[in-house]
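Take a look at the following structure, please.
Just so it is clear: chains get the letters A, B, ... in the order the sequence lines come, proteins before strands, and each one is counted from 1. Side-chain atoms are counted along with the backbone in the values below, which use heavy atoms only and exclude waters and symmetry mates.
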Number of protein chains: 2
Amino acid sequence: MAQLGELERSIMDALWASENPLSATELQEYLEERARETSGKQLAVTTVLTVLSRLEHKSLVVRDRTVRPHLYRASSSQADHTAELMHEILGSSTDRGEVLARFLGSVSPEEAAALRGLLDQTRDSGRSA
Amino acid sequence: MAQLGELERSIMDALWASENPLSATELQEYLEERARETSGKQLAVTTVLTVLSRLEHKSLVVRDRTVRPHLYRASSSQADHTAELMHEILGSSTDRGEVLARFLGSVSPEEAAALRGLLDQTRDSGRSA
DNA sequence: TCGTTCTTCTACGGAGTGTAGAACAAATTG
DNA sequence: CAATTTGTTCTACACTCCGTAGAAGAACGA
């Protein structure tokens, strides 16, 4: 699934942060805000549109073409997407157990606690396939 | 840190799988073996060397220049590297807890069990910084 | 020193990404 | 309906990364 570029990532972040689907122009404005402190540079709308198309193509973004302007939303939540990525990475390894061990070693105590809680909740819900 | 290309990945896999550091030529042969079933195609040694240099530049590979031929080894274990990657991905998210929840939801029962065990072991060894 | 072995330099083509103008389509309004 | 505004698609270019490797240079054994 490959890693996203910087602008792609910003746009996904914007979509993930937003409750409602956004138009290209709204995104453009949003991005300008975000960038104001950094390299405050206004992007062309076409730039945003191009990237949105690419993200749509990668199935990360869903576009509503029935309205004008078109509205865009992330096809899955950031958490889902991120978890999926992590899983992919984990799967690319030959020794999952070892990876998980190292992974836990670098996790904060709070997160470790959270994980324990989650594992207890999940304990009985055996996966089907 | 970005994702590795296919050949880069193969080379890292080879280095990770090997006990000892390897020379470019050894790697070349190793890769030919691996590829025999697939697209059995012999790479030029220079190709391997180029990629090794790039990997060295990315600090994934360490090269011993005191011997001839130079010997190459992975700078960290596959497990470490993978865990680090996972951590990076996790860190890129705004809601780690949620991500971990989703992540656990897609983990096999065996892995869940392993995680429980690991968490118990790690319980007391609080991290310093 | 001569050849062999190994490494470095240089280079090219293809893919992915940031960037956006030009051209085209739809909606709004006079 | 015609003109203007708003929005979308097409096309394109530059830059970086990666796979690939030849040519040229360096080191070592005979």
Side-chain angles (χ1 to χ4, degrees), chain A residues 1-15 20-32 34-35 38-73 81 85 88 92, chain B residues 1-15 20-32 34-35 38-73 81 85 88 92:
Chain A
M1 188 158 274
Q3 207 74 322
L4 299 177
E6 200 169 339
L7 178 54
E8 290 179 322
R9 176 69 201 204
S10 305
I11 289 184
M12 286 313 296
D13 281 343
L15 292 176
N20 321 312
L22 299 176
S23 72
T25 312
E26 285 167 337
L27 276 165
Q28 180 193 31
E29 282 156 12
Y30 183 98
L31 290 174
E32 207 204 344
R34 294 295 84 194
T38 355
S39 54
K41 164 97 176 331
Q42 173 88 313
L43 288 174
V45 194
T46 51
T47 300
V48 177
L49 279 162
T50 301
V51 173
L52 281 169
S53 294
R54 288 174 184 165
L55 289 170
E56 187 192 16
H57 189 219
K58 297 183 197 176
S59 299
L60 286 175
V61 156
V62 172
R63 176 199 314 222
D64 182 355
R65 292 173 186 267
T66 68
V67 296
R68 229 98 220 293
H70 293 179
L71 294 180
Y72 303 82
R73 63 178 181 80
H81 174 75
L85 257 191
E88 219 171 274
S92 78
Chain B
M1 189 156 275
Q3 208 72 321
L4 298 178
E6 201 169 336
L7 178 54
E8 290 179 324
R9 176 70 202 203
S10 305
I11 288 184
M12 286 312 298
D13 281 343
L15 292 176
N20 321 313
L22 299 176
S23 72
T25 312
E26 285 167 337
L27 275 165
Q28 180 193 31
E29 280 155 15
Y30 184 97
L31 289 174
E32 206 203 344
R34 294 295 85 195
T38 355
S39 54
K41 163 101 178 332
Q42 172 89 311
L43 289 174
V45 194
T46 52
T47 300
V48 177
L49 279 163
T50 302
V51 173
L52 281 169
S53 293
R54 287 174 184 165
L55 289 170
E56 185 191 18
H57 189 215
K58 296 183 197 177
S59 299
L60 287 174
V61 155
V62 172
R63 177 200 313 224
D64 182 355
R65 292 174 186 266
T66 68
V67 295
R68 231 99 219 294
H70 293 179
L71 294 180
Y72 302 82
R73 63 178 180 81
H81 174 74
L85 257 189
E88 219 171 272
S92 78

> Between A:Leu27 (CG) and C:dG18 (C1'), how many Å, whole number?
Replying inline: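 It works out to 16 Å between those atoms.
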> Nearest heavy-atom pair of B:Ala14 and B:Leu27: which atoms, and what distance?
Replying inline: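 Closest approach of B:Ala14 to B:Leu27, heavy atoms only: CB-CD2, 3.6 Å.
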> Which heavy-atom pair separates A:Pro21 from A:Glu26 by the least distance, and what is that distance?
Replying inline: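 In this case the closest contact between A:Pro21 and A:Glu26 is O-OE1, 4.2 Å.
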> Looking only at heavy atoms, what is the nearest atom pair of B:Ser10 and B:Leu31, with distance?
Replying inline: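 Heavy atoms of B:Ser10 and B:Leu31 come nearest at CB-CD2, 3.8 Å.
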> Within this structure, what is the CG-to-P distance between A:Leu52 and D:dT8, rounded to whole angstrom?
Replying inline: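 From A:Leu52 CG to D:dT8 P: 10 Å.
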> Roughly, in whole Å, what's the span from NE2 in A:His57 to P in C:dA15?
Replying inline: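 A:His57 atom NE2 is separated from C:dA15 atom P by 14 Å.
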> Between C:dT5 atom P and B:Arg65 atom CZ, what is the distance in whole Å?
Replying inline: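 Rounded to whole Å, this separation is 22 Å.
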> Which whole-number value in Å describes the distance from B:Glu29 CD to C:dT5 P?
Replying inline: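 My rounded result for the distance is 13 Å.
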> What string of B, S and - do you get for nucleotides 14-27 of chain D 5' to 3' if you count protein non-hydrogen atoms under 4.0 Å?
Replying inline: ----BBBBBB---S
> How long is the line joining CG of A:Leu31 and C1' of C:dT19, in whole Å?
Replying inline: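 Spelled out: CG on A:Leu31 to C1' on C:dT19 is 14 Å.
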>> With a cut-off of less than 4.0 Å, is there a side-chain N or O of B:Arg63 near OP1 or OP2 of C:dC6?
In response: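 The answer is no; no side-chain N or O of B:Arg63 sits under 4.0 Å from OP1 or OP2.
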> Quick one: CG on B:Asp13 to CG on B:Leu7, what's the gap to the nearest 0.5 Å?
Replying inline: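 Here the interatomic distance stands at 11.0 Å.
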>> Just the rounded figure in Å: distance from P of C:dA22 to CG of A:Leu49.
In response: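 It works out to 17 Å between those atoms.
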> Any side-chain heavy atom of A:Gln3 sitting closer than 4.5 Å to one from A:Arg9?
Replying inline: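 The answer is no, as the side chains (C-beta and beyond) never meet within the 4.5 Å cut-off.
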> Atom CG of A:Leu22 and atom P of D:dT8: how far apart are they, to the nearest Å?
Replying inline: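 The distance from CG of A:Leu22 to P of D:dT8 comes to 13 Å, rounded to the nearest Å.
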Please tabulate, one pair per line, all N/O donor-acceptor pairs under 3.5 Å involving side-chain atoms of residues 43-54 of chain B, not counting sequence neighbours.
unit_1, atom_1, unit_2, atom_2, d
B:Thr50, OG1, B:Thr46, O, 2.8
B:Ser53, OG, B:Leu49, O, 3.2
B:Ser53, OG, B:Arg63, NH2, 3.2

